Colleague: 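Below: one structure in C-alpha cells.
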There are 2 protein chains.
Amino acid sequence: MQDTPSRPYHHGDLRRAVIETALDMLAEEKGWQFTLREVARRAGVSHAAPYKHFPDKAALLAELAMIGFDRLRDALSAAKPEAPKTLRDEITPIARAYLAFGTENPALYRLMFSAEEGKAVGMHLNERALAVFDILREILRLGQAAGSIRKRPIEGQAAAGWGLIHGLTMLAIDGLLVPEKVGSAPLDAALSALVEGLGSPAT
Amino acid sequence: MQDTPSRPYHHGDLRRAVIETALDMLAEEKGWQFTLREVARRAGVSHAAPYKHFPDKAALLAELAMIGFDRLRDALSAAKPEAPKTLRDEITPIARAYLAFGTENPALYRLMFSAEEGKAVGMHLNERALAVFDILREILRLGQAAGSIRKRPIEGQAAAGWGLIHGLTMLAIDGLLVPEKVGSAPLDAALSALVEGLGSPAT
DNA sequence: CGCTTAAGTAGTCACTGTCAACAATGTAGT
DNA sequence: ACTACATTGTTGACAGTGACTACTTAAGCG
C-alpha cells in the first residue's frame with residue numbers, strides 16, 4: 001500500500017487486534033453475520049492475514065467463545081455477595097449478573113453455546129464453560145454443608161440451576177420473554193421456585 | 001411418489017417437496033449447514049426453483065421453524081397425562097417429551113430459537129412459540145384453581161418453567177449435560193426443584 | 001552487510017444466495 | 001379449437017464468502 005506510516009508493515013500484535021475487532025463486531029450484533037474478510041477489513045489488513053494467526057474461522061470463533069466464558073465467569077465472581085444472609089440473597093445477584101451478561105452480549109452469548117462440540121476445540125471450550133458451572137456447584141456445596149440446601153446430588157441441582165438461568169437468558173435474547181412487558185417478574189419467579197425447591201424445608 | 005418417467009417440467013407440488021427435503025436434511029444434522037442449493041439438488045430441481053415458492057432462504061427457514069413449533073406443541077399435547085394424581089406426575093411426562101423432542105431434533109430445535117425476531121416473520125413465529133407456552137400456562141392455571149400450585153403471577157411461573165426446560169434442552173443439545181454420564185438426574189432434580197418451588201407447601 | 005524467516009499481499013478456486021432472462025407448461029378467453 | 005397469458009422451472013450470471021497458494025516485504029540475526 002502507499003503511505004501508511006502510522007501502521008508498520010508488521011502489525012505487531014495482529015492476533016489481539018483481530019480478536020478485539022471481532023469482539024467489537026459481535027457487540028454491534030448486526031444480525032449475527034460474521035465474515036473473516038470483514039474482520040480483516042476492519043482491522044485494516046488483507047483478507048488472508050488472520051490466517052497467519054488462526055488456522056481457520058472456527059478457531060477464531062472458538063477463541064472468542066472462550067473469552068466470552070472467561071468474561072462471564074469474572075462477571076459472576078464479581079457479582080457474588082460477600083456475606084449473604086439467605087440462599088436467595090446469595091443467588092439473586094449472581095443470576096441477575098448472568099442474565100445481564102447474556103442480554104447485553106447476545107451475539108457473543110449465542111456464539112458461546114453454538115460452537116461445535118464435536119471438535120477438539122470443544123474440549124477446551126467445555127473446560128471454560130464448566131468453570132462457570134463450578135461457581136454454581138460451589139455455592140450448592142457450601143449450602144449443603146451449612147444445611148441451607150437439601151442434601152441431594154449436587155450435579156442434578158447444579159444442572160437445574162444452570163439450565164434455568166441459561167434458558168431464561170436464551171429466551172430473553174430471542175425476545176420471547178418480552179422483558180419490557182414482563183419486567184423482571186420471570187427472573188424473580190424463577191428464582192423463587194428454584195430457591196424454594198432447592199432450599200431446605202426448614203428455612 | 002410413483003415412477004417419474006422423465007421428471008415433468010412442472011413438479012406439481014414443489015413447495016411441499018422442498019419443505020420435506022429440508023426437514024430431512026435438518027434431521028440428518030450434518031453439522032448445521034443448510035444451503036438452498038443443496039435442498040434444490042436433493043429435491044431434484046434446479047438451484048433457483050425454490051425461489052418461486054419462497055422469497056428467500058430466511059423465509060424457508062422461518063417456515064421450517066414454524067412447523068417445528070407445531071410439532072413440538074403436538075408432541076407435548078400427546079404426552080399430557082390423562083388423570084395425573086400430583087403436579088409432578090402431570091409435569092414430568094411433558095417435560096420428558098420436550099427434552100426428547102429437542103435432543104432428537106437438535107438442528108430443528110436450534111433453528112426454531114435462532115430465527116431473527118426483528119423481522120415480520122418473527123411475529124408469526126412468536127405466535128406459534130407462544131402456543132407451546134400456553135400449554136404450560138394452562139397447567140399452571142388449572143393447578144392454581146385446584147390449589148396444588150402457589151397462587152402467584154402465572155406469567156412468572158410459566159417463564160420459570162419454560163426457561164428451565166428450554167435451558168436444559170439447549171445444554172443437552174450442546175453436549176454440556178453429558179447425558180451419558182449424568183443420565184436423567186438433571187431433569188429429575190430440576191423437576192423436583194420446580195415442583196417443590198411452584199407447588200403449594202401443603203402438598 | 002547479507003541472510004533467513006516471519007508477516008502481509010495479491011490472486012485463485014469452489015461454493016453460496018440472489019436475480020434476470022428464457023423456456024415449458026397449464027389455463028382462460030374468444 | 002386455438003391463441004394470449006400467467007405460472008412454474010431452467011439456465012446463466014453476479015457479487016461475496018472461506019480456504020488455499022505463490023509471491024513480496026519487513027525485521028532480526030550472524
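Nothing here was measured: the structure is a model prediction, and the numbers come from that model.
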Colleague: Would you say A:Arg41 places a side-chain N or O within less than 4.0 Å of OP1 or OP2 belonging to D:dT17?
Modeller: yes

Colleague: In whole Å, I'd like the distance from the NZ atom of A:Lys52 to the C1' atom of D:dA19.
Modeller: 13 Å

Colleague: Between atom CG in A:Leu36 and atom C1' in D:dG16, what is the gap in whole Å?
Modeller: 14 Å

Colleague: Determine, for B:Asp188 against B:Arg88, whether the closest basic-nitrogen to carboxylate-oxygen distance falls under 4.0 angstrom.
Modeller: no

Colleague: How many whole angstroms separate atom CZ of A:Arg37 from atom P of C:dA10?
Modeller: 12 Å

Colleague: To the nearest Å, how far apart are B:Lys57 NZ and C:dC15 C1'?
Modeller: 12 Å

Colleague: Roughly how far apart are A:Arg128 CZ and A:Arg73 CZ, rounded to 0.5 Å?
Modeller: 7.5 Å

Colleague: Would you indicate what B:His47 reaches in the nucleic acid, counting non-hydrogen atoms under 4.0 angstrom: base, sugar-phosphate, or nothing?
Modeller: base

Colleague: For B:Leu60 and C:dT18, give me the distance from atom CG to atom P, rounded to whole Å.
Modeller: 10 Å

Colleague: Of the listed nucleotides (C:dT18, D:dG9, D:dA19), which one gets closest to any side-chain atom of B:Leu14?
Modeller: D:dG9

Colleague: I need the CE-C1' distance between A:Met25 and D:dT17, as an integer number of Å.
Modeller: 13 Å

Colleague: Please tell me whether A:Gln157 and A:Gln144 have a donor and an acceptor in their side chains that are separated by less than 3.5 angstrom.
Modeller: yes

Colleague: What contact category does A:Phe54 fall into here, base, sugar-phosphate, or nothing, at under 4.0 angstrom with non-hydrogen atoms?
Modeller: nothing

Colleague: Nearest-Å distance, OH (B:Tyr51) to P (D:dG9)?
Modeller: 15 Å

Colleague: So, OP1 or OP2 of C:dT16: does either fall under 4.0 Å of a side-chain N or O from B:Thr35?
Modeller: yes

Colleague: What is the separation between atom CG on B:Asp56 and atom P on C:dA20, rounded to the nearest whole Å?
Modeller: 14 Å

